2 protein chains.
Amino acid sequence: MNKTFVSADDVAKRAGVSRSAVSRTFTPGASVSEETRQRVMQAAEALGYHVNQLARGLMRSESGIVCLVVSEMDTPYRARLVRALTHELQLAGKISMLINTDRSDGSVDTALRQTLHYRADASILLSGLPDKAITKLCLDSGQRIVLINRDDEIEGPFRINLDDGVAARVAVSAFLRAGCRRLAFANSAVGTPSLMAREQGFVAAARDFGLDVTVVRHGNTVYESGRTIGRTLFSGLEPPDAVFCVNDLMAFGLMDAARHEFGRRIPDDLCVVGFDDIEQSGWSSYALTTFTQPVDEIVRNSIAWLVNGDASSRSAFLHAPLIWRKTIRGTRRNG
Amino acid sequence: MNKTFVSADDVAKRAGVSRSAVSRTFTPGASVSEETRQRVMQAAEALGYHVNQLARGLMRSESGIVCLVVSEMDTPYRARLVRALTHELQLAGKISMLINTDRSDGSVDTALRQTLHYRADASILLSGLPDKAITKLCLDSGQRIVLINRDDEIEGPFRINLDDGVAARVAVSAFLRAGCRRLAFANSAVGTPSLMAREQGFVAAARDFGLDVTVVRHGNTVYESGRTIGRTLFSGLEPPDAVFCVNDLMAFGLMDAARHEFGRRIPDDLCVVGFDDIEQSGWSSYALTTFTQPVDEIVRNSIAWLVNGDASSRSAFLHAPLIWRKTIRGTRRNG
DNA sequence: TTGTACGCGTTATCAG
DNA sequence: CTGATAACGCGTACAA
């Protein structure tokens, strides 16, 4: 063996047929006689031949590659989304390229440029937001772009968003039914549109009931920020009896601070609701009542739009139902 | 715009030079005059040209693609590893293809075949184990293979393993120093070599001190299995006062069962040690004493072997130090 | 330094 | 149904 890939030519020679016959054998829906097919397959097997997707992608207009643009992909929700996306993409005959935008040097635009280098058929953005010029460039190159939970303003990509406003109202009424009156909202300082929508929806819904909301924004959307906010909130003069955390990770941090550093009992002294419904929310140390991300629907919508040419619908608006566990006291009603 | 990629030919025409000049402009270390370079760059910018890596990979022997073969990639440790790998690979000028082997149809072999389709320069396997024939096929095709925490037997790939045996001995002596005498080991039923190495090392080390170990194996290596094992262990006649869990997730499940269902206090009534040191281990609800996966070293070793042609060393054996938190009582000593 | 010509491995086209 | 030939977009000897 001389450490090199075997080509269709090699197979053709060995099988005693033309290169075209080999190509046809490996092209679904082409017309080959059963006899040549057998001969080709046999030779291919013996030589260890594999279709070169690079060359195939060069000929056809599509490469079969879909790029996933993500930062902080070890975050539970992101990780779950990436897992589901890659799985369904494979089922649809696509392959995923993972582009990590963790470092800070204009990463998203650089990443999107990478997707052009590899002639990706599409890009799915789970993090960040591309420059408008880059987006147009991708679109003009025939690429499809999906934005998950990012923004509503940018034109061209397919946008998937959740009804954060509705969720916020559901949270307020759940708190009120539990008898809570001192409401707080724990947000990160990131300022992503969907994060801000939850905050504003919560504040607005509370105001409808004549209640003010203490809003605290701090750091990234992670556990440690929730903990810091918890300390701020519970060492203040009027500590809240209900907190809506912008995601589950922050909720855990806040709960840990409240319980272990301030002796709060949940849900007796304090009600908490989160967002994402990551795996840890089901763990009995937290048992967090939280809004669930409809991951399957998100994935289905994304891929349906990628593979079908349905360029008509340009956005999807999905519902995030409340999962009742044990961090809101009282009786459960539908969320 | 007619929804298509622009080629080097287009750029050449617009810049009034030959196509070779364009190629040279985008090939690092080629000789082009500053003037033509400028003209080419300008034309490329105006047209929105991007080098086609597929075609480039067709010419050169290497595609720049590295495949990551993973299952259950939303597991915290796996997710962290994937994040770190993609990040460093990008820094090394490579791009990651993510292959999800979650479904059960002979997945790993199918996955590895996919890596051949796209002429990947290398494959990194975080899950599963390939058939020997497939491995040989990849190797013969000039591909490099890295096995992370998988097996020691298979020949050809670069293997990265942890000193699970040493860790097991450290765990035993930590338990003994804390005054524990009724030892247990919580394992999954998966039976991966590294998982079994931890178990056997623990049992052997305990025997050296004249102690028996209650070994329980159940389900997958996840939270719920740990919980189930916890129930089994603490509803038994001789419940343990120390448990080594084969990974952190199982430790959390076991701790939650012990605390919330059996009223055990940790570390007063029960000492626990885990493995992986995932983010959740630092959360104050768990504060788990655990062995840390040297992720950075794993990544560095993998990539060093992939990009440099150092085919001499065929394995790395890394140390997993113990991180002391609050699930083992008594004084800390070096792990 | 520049342009020409060829090859990389595949598919599409067309004549047989 | 089959085989020859022309693309696809790029790198690279080679000659100019």
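All of these numbers come straight from a predicted model, not from anything done at the bench. First the proteins, then the strands, lettered A, B, ... as listed; each starts at 1.
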Q: Ignoring hydrogens and angles, state whether a donor on the side chain of A/Q42 or A/Q38 is under 3.5 Å from an acceptor on the partner side chain.
A: no
(Q) Can a side-chain donor-acceptor contact be found between B/Q143 and B/S123 if the only test is distance below 3.5 angstrom? (A) yes
(Q) Expected output is a numbered-order residue list: members of residues 10-18 of chain A with a heavy atom under 4.0 Å from any atom of DNA chain D. What is it? (A) A/V17, A/S18
Q.
So if I take residues 116-123 of chain A and measure heavy-atom distances to DNA chain D, which residues fall below 4.0 Å?
A. none
Donor-acceptor contacts under 3.5 Å from residues 11-19 of chain B side chains, at least two apart:
residue	atom	partner	partner atom	Å
B/S18	OG	B/S20	N	3.3
B/S18	OG	B/A21	N	3.3

Q: For this output row, return yes or no: ring centroids of B/F26 and B/Y49 closer than 6.0 angstrom.
A: yes
**Q.** No-H, no-angle donor-acceptor pair, A/S20 side chain to D/dA4 base, under 3.5 Å
**A.** yes
Give the nucleotide from the list [options] with an atom nearest to the side chain of [X].
{"X": "B/R19", "options": "D/dA13, D/dG11, D/dG9", "result": "D/dG11"}
{"X": "B/A21", "options": "D/dT5, C/dG3, D/dC8", "result": "C/dG3"}
{"X": "B/R24", "options": "C/dG9, D/dG9, C/dT2", "result": "C/dT2"}
{"X": "B/S23", "options": "D/dT12, C/dG3, C/dA12", "result": "D/dT12"}
{"X": "A/S31", "options": "C/dT10, D/dT2, C/dT2", "result": "D/dT2"}

Q: Could you tell me which non-hydrogen atom of A/T25 sits nearest to which non-hydrogen atom of A/R37, and how far apart they are?
A: O-NH2, 3.5 Å
Q. Can you tell if the side chain of B/L125 reaches within under 4.5 Å of the side chain of B/L68, non-hydrogen atoms only?
A. no
Q. Would you say the side chain of A/S96 lies within less than 4.5 Å of the side chain of A/V66, judging by non-hydrogen atoms?
A. no
(Q) B/Q293: which residues meet the side chain to side chain donor-acceptor pair (under 3.5 Å) condition with it, sequence neighbours left out? (A) B/Y77, B/D276
Q | B/R56 vs D/dC10: side-chain N/O to OP1/OP2 distance below 4.0 Å | A | no
Q | Short side-chain N/O contact to D/dT2 OP1/OP2 from A/T36, under 4.0 Å | A | yes
**Q.** Where at least one partner belongs to residues 50-75 of chain A, residue pairs that pass salt bridge (Lys or Arg N to Asp or Glu O under 4.0 Å), sequence neighbours excluded
**A.** A/D74-B/R83
Q. In degrees, rounded to 10°, what is the bend between the two ends of the helix from C/dT1-D/dA16 to C/dG16-D/dC1, using five pairs at each?
A. 40°
Q | Pi-cation contact, A/F158 with A/R144 (under 6.0 Å, within 45°) | A | no
